[in-house]
Number of protein chains: 2
Amino acid sequence: MVEEQDEKILAELQKDGRATNQQLADTVGMSTSACWRRVRALEESGVIEGYSALVKREAAGFATSAILHVSLERHDTTFVDEFVARVMQRREVLECFATTGDADYHLRVVVRDMDAYNKFLDEFMFRIPGIRHVRTNVILKEIKTGVALPF
Amino acid sequence: MVEEQDEKILAELQKDGRATNQQLADTVGMSTSACWRRVRALEESGVIEGYSALVKREAAGFATSAILHVSLERHDTTFVDEFVARVMQRREVLECFATTGDADYHLRVVVRDMDAYNKFLDEFMFRIPGIRHVRTNVILKEIKTGVALPF
DNA sequence: TCCATTTTGGTAAAATCTACCAAAATTGAG
DNA sequence: CTCAATTTTGGTAGATTTTACCAAAATGGA
């Protein structure tokens, strides 16, 4: 489905999401029209889900972030669906993964300051029904925050 | 430093990193030239670190991912710097955070399959000097993988 | 208030995007 | 292998967008 030439395109568009079609065509060794059509196909088929500006967190005023380990009391669809639905619409929750291991879920949360984080816990997280346990791991340092798949 | 109008621009460029300057100017209510200059300033000052295409992981052939909890034996700069340097150049490691809590670091790793993950552990992770403990939490489901700061 | 500085909106040339075309490459059946 | 059907390619041109410049408006410090 995704061929080698597509991977080159994807790799390049991950590195520079605003590369012009001509730059792209050059770096992957295609004509502009062929390249443009493949990009379009990747977008329409949903392989490319979108494009985003990557904004420097501290510069934008988000000083605090944490990784939360969350466990649920029970794993009925009712509880799980409710949890997922709530997490999806909270924009402070950048990431959420269901994982093996001690916790059911790993969440990454980004907020402006500790006050906002405390509020997030009290007014959102602790009010989700069926939460058994929440452990906060404050992020001391962001070593790496990548989005590019390792083609 | 980052004003309200800049936040609007950043929010929009996070949602659509390829929005044309005209679209942007419309949605934030500015003239195209003023808008364009602000975007340029945000890029040059480093508030916008770049742009990236967001690629659907499974469609691109990366079936397996995990969150690793890593602890070091000692926390001398020598060991820490070595760990950080190695992690930085491994493209399978999409994210790495130094955190409070039981583990020193949280890593998110993305690979094509379990074989590749096993190889990643054996040939990379377990060979980093000064590693005390590595716990793998396999990602069963990606509930949410966002990059947009919650302006 | 007044002057200096910054930010703004408008404009036009250069660059880019995007939809078309015919030609080339690929595929599959006989 | 051959040939026709289908897909993919490169080239082109009009429409759109980017980008550098200008004078006017807004800002803010003394």
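In what follows, chains carry the letters A, B, and so on, assigned in the order in which the sequence lines appear, proteins first and then strands, with residues in each chain numbered from 1.
Residues that satisfy the salt bridge (charged side-chain N to carboxylate O under 4.0 Å, His left out) test with Arg127(A), not counting sequence neighbours, are absent from this structure. Scanning for side-chain hydrogen bond (donor to acceptor under 3.5 Å, both in side chains) contacts around Asp104(A) gives His75(A), with sequence neighbours left out. Partners of Ala148(A) under the side chain to side chain contact (heavy atoms under 4.5 Å, CB included) rule, at least two apart in sequence or in another chain, are Gln14(A). Looking at residues two or more places apart in sequence or on another chain, you find a side-chain hydrogen bond (donor to acceptor under 3.5 Å, both in side chains) between Tyr117(A) and Thr136(A). For Glu82(A), the salt bridge (charged side-chain N to carboxylate O under 4.0 Å, His left out) partners at least two apart in sequence or on another chain are Arg86(A).
DNA chain C is contacted by Arg37(B), Arg38(B) of residues 35-45 of chain B, taking any non-hydrogen atom closer than 4.0 Å. Sorted by residue number, the members of residues 9-29 of chain B with any non-hydrogen atom under 4.0 Å from DNA chain C read Arg18(B).
Smallest separation of non-hydrogen atoms from Ile143(A) and Ala98(B): CG1-N, 4.2 Å.
For the pair Arg112(B) and Glu7(A), the salt-bridge criterion is met [side-chain N within less than 4.0 Å of a carboxylate O].
In the hydrophobic clustering, where aliphatic and aromatic side chains (Ile, Leu, Val, Met, Phe, Trp, Tyr) are joined below 4.5 Å either directly or transitively, Leu54(A) groups with Val147(A), Leu54(B), Val147(B). Taking Ile, Leu, Val, Met, Phe, Trp and Tyr as hydrophobic and joining them when side-chain heavy atoms fall under 4.5 Å apart, one finds Ile67(A) in a cluster with Ile139(A), Phe97(B).
Of the listed nucleotides (dA19(C), dT8(C), dG9(C)), dA19(C) has the atom at the smallest distance from the side chain of Ser33(A).
Just one residue in the list Val2(B), Leu149(B), Val28(B), Val39(B) forms a side-chain contact (heavy atoms from CB on, under 4.5 Å) with Leu10(B), and that residue is Val2(B).
For the helix from dT1(C)-dA30(D) to dG30(C)-dC1(D), the rotation axes defined at the first and last 5 base pairs enclose an angle of 50°, given to the nearest 10°.
Between Phe151(A) and Phe62(B), the gap from one ring centroid to the other is short of 6.0 Å.
Taking the ring axis of Phe79(B) as reference, the NZ or CZ atom of Arg74(B) does not stay both within 45° of it and closer than 6.0 Å to the ring centre.
As rounded to whole Å, 19 Å separates atom P of dT7(D) from atom CE of Met30(A). For the pair Glu3(A) CD and dT7(D) P, the interatomic distance rounds to 14 Å; values are reported in whole Å.
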| query | Taking protein heavy atoms under 4.0 Å as touching, what does nucleotides 22-28 of chain C look like 5' to 3' if B marks base contact, S marks sugar-phosphate-only contact and - marks none? | reply | -------

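Within the structure, salt bridge (charged side-chain N to carboxylate O under 4.0 Å, His left out) pairs that include any residue of residues 46-69 of chain B comprise Arg57(B)-Glu142(B) (at least two apart or interchain).
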